[in-house]
Amino acid sequence: MQYRTLGKTGLRISEIGLGCASFWGKRVFDEAEAIRIVHAAVDRGVTFFDTGASYSGGNAEPRLGRALAGLKNRHELVVATKAGSYTDERGKWREDFSSSGVRRSVEASLVRLGLDAIPLLHLHGPDIHHLTDDLLDTLSRLKQEGKVRHLSANSFDEAVLEYVATLPLFEAVMIDYSVLRPEREPLIAKLAAQNTGITAGMVLGGGLYRSKLGIRRLQDAWYLARAWKNHRGDLRRGRALRFIDRQQGWTGGEIAIAWVLRNPHISCAVFGTTRMQHLLENLRASDRPLDAGMLARIAEAQRSFG
Ligand SMILES: NC(=O)c1ccc[n+]([C@@H]2O[C@H](COP(=O)([O-])OP(=O)(O)OC[C@H]3O[C@@H](n4cnc5c(N)ncnc54)[C@H](OP(=O)(O)O)[C@@H]3O)[C@@H](O)[C@H]2O)c1
């Protein structure tokens, strides 16, 4: 595993990270297997783990906490979690960017993760109007109190990410960037010019590049339904890229991750999985550059996105 520096934070993190969210965190997915996946990632040099208070109906973060509890080096890992969103008692996703809500969220995350400090806290999907002086003051105090080490924002909204990068309190952002989302590159270059650390989430584009989008297990149906609901255009983009899943000596997952890592401004490519085999395949993408021919074929397919 190779390691990169996360911009202004100065943190050294594994260039591939594990997303502890989505189906991985759901109660219907076997907890022992979810924990085995985390431990196998740690054993192979992964030091960056991304989760959130609201993910997987609220079960992802405490599940990651239980996985970390068995690890002697958990305080050396860079665990990123999110505040500003939560799952309510009826299982509904809610937003709360009030100062008291964000403080409550951070304090509860520390307990659920079993950590003394959150190494990287993302604000989860804020609008610019949420970033009040009052909230920034609370975030600054959480840092002074040692409860949060570094601050980031996770958003799909480019204007928000550009704005956050101008605020001295924020040292990093998390962006959705994958072979399905090449249009993020001008923004990535702009953020990197300010030395903002950048982690990329959903680096497999939800797995939509796969040559066959078959449903073998419950999670396959769940990911497809999510794409249909939230990222319908990605289904067409994925079909244009399915050739990456038919290459000799590479899996589609490796190519998708290697494509993200070819961008030197990305410090960590974060993917999600519920299959040990996929974890092992995807980690092979570290330090494995794509050749010019494959990069050209991918660029050609991306031109068809319009
Ligand atoms: N989704 C969001 O809106 C969002 C937003 C912000 C941040 N993030 C962060 O990004 C992380 C990853 O996002 P994500 O899990 O939603 O999407 P993703 O990593 O782009 O894709 C996950 C999908 O890819 C499949 N997959 C993984 N490895 C594979 C392989 N080698 N071959 C074939 N299929 C493979 C997974 O299926 P298997 O389970 O079968 O492997 C799953 O269906 C999250 O955990 C979170 O930390 C996500």
Side-chain angles (χ1 to χ4, degrees), residues 16-26 28-30 33-34 37-38 40-41 46 48-56 59-61 63-64 78-82 84-85 93 120 122-126 152-157 161 172-181 184 198-227 229-231 234-235 237-238 241-242 244-247 250-260 266 268-285:
I16 303 181
L18 184 66
C20 297
S22 307
F23 206 90
W24 175 91
K26 292 207 166 284
V28 291
F29 180 56
D30 181 53
E33 185 58 14
I37 288 173
V38 171
V46 173
F48 190 84
F49 294 85
D50 187 72
T51 191
S54 57
Y55 282 152
S56 314
N59 194 50
E61 195 185 55
R63 175 170 279 182
L64 178 60
V78 177
V79 176
T81 193
K82 306 188 177 71
S85 63
W93 178 289
L120 185 69
H122 306 281
L123 280 191
H124 196 190
S152 167
N154 173 210
S155 172
F156 295 144
D157 183 329
L161 293 170
V173 296
M174 181 175 231
I175 190 167
D176 58 320
Y177 176 53
S178 71
V179 75
L180 270 57
R181 286 264 184 289
R184 291 300 198 199
I198 307 171
T199 54
M202 279 188 88
V203 293
L204 299 169
L208 297 178
Y209 62 81
R210 278 172 297 159
S211 57
K212 286 193 189 125
L213 293 178
I215 297 177
R216 283 187 289 150
R217 298 200 302 179
L218 179 59
Q219 46 268 56
D220 301 331
W222 185 86
Y223 280 104
L224 273 180
R226 185 185 71 175
K229 185 166 165 241
N230 301 334
H231 308 283
D234 286 356
L235 290 161
R237 291 180 174 209
L241 283 161
R242 66 188 152 183
I244 70 171
D245 208 21
R246 295 191 197 119
Q247 301 301 313
W250 291 79
T251 65
E254 274 176 276
I255 293 183
I257 293 174
W259 187 86
V260 167
I266 299 296
C268 185
V270 181
F271 71 89
T273 190
T274 55
R275 284 179 234 223
M276 186 65 83
Q277 178 61 29
H278 288 170
L279 172 83
L280 303 180
E281 282 172 24
N282 296 347
L283 297 184
R284 290 202 304 252

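Every heavy atom of this structure was used, including side-chain atoms; hydrogens, water molecules and symmetry mates were not. In listed order, ligands and their atoms are each counted from 1.
Listed by chain and number, the residues in a side-chain hydrogen bond (donor to acceptor under 3.5 Å, both in side chains) with R275 are D220 (sequence neighbours excluded). Residues meeting the side-chain hydrogen bond (donor to acceptor under 3.5 Å, both in side chains) test with R210, sequence neighbours left out: none. A search for side-chain hydrogen bond (donor to acceptor under 3.5 Å, both in side chains) contacts involving E254 returns T251, R284, R288, not counting sequence neighbours.
Checked against the 6.0 Å centroid criterion, the rings of W259 and Y177 qualify as a close aromatic pair.
In this structure, ligand 1 sits under 4.0 Å from heavy atoms belonging to G19, C20, A21, S22, D50, Y55, N154, F156, M174, G201, M202, V203, L204, G205, G206, G207, Y209, R210, Y223, R226, V270, F271, G272, T273, T274, R275, H278, E281, N282.
Side chain to side chain, S22 and R226 meet the donor-acceptor criterion of an N or O pair below 3.5 Å.
The only option from E61, K82, K26 that meets the side-chain contact (heavy atoms from CB on, under 4.5 Å) definition with Y55 turns out to be K82.
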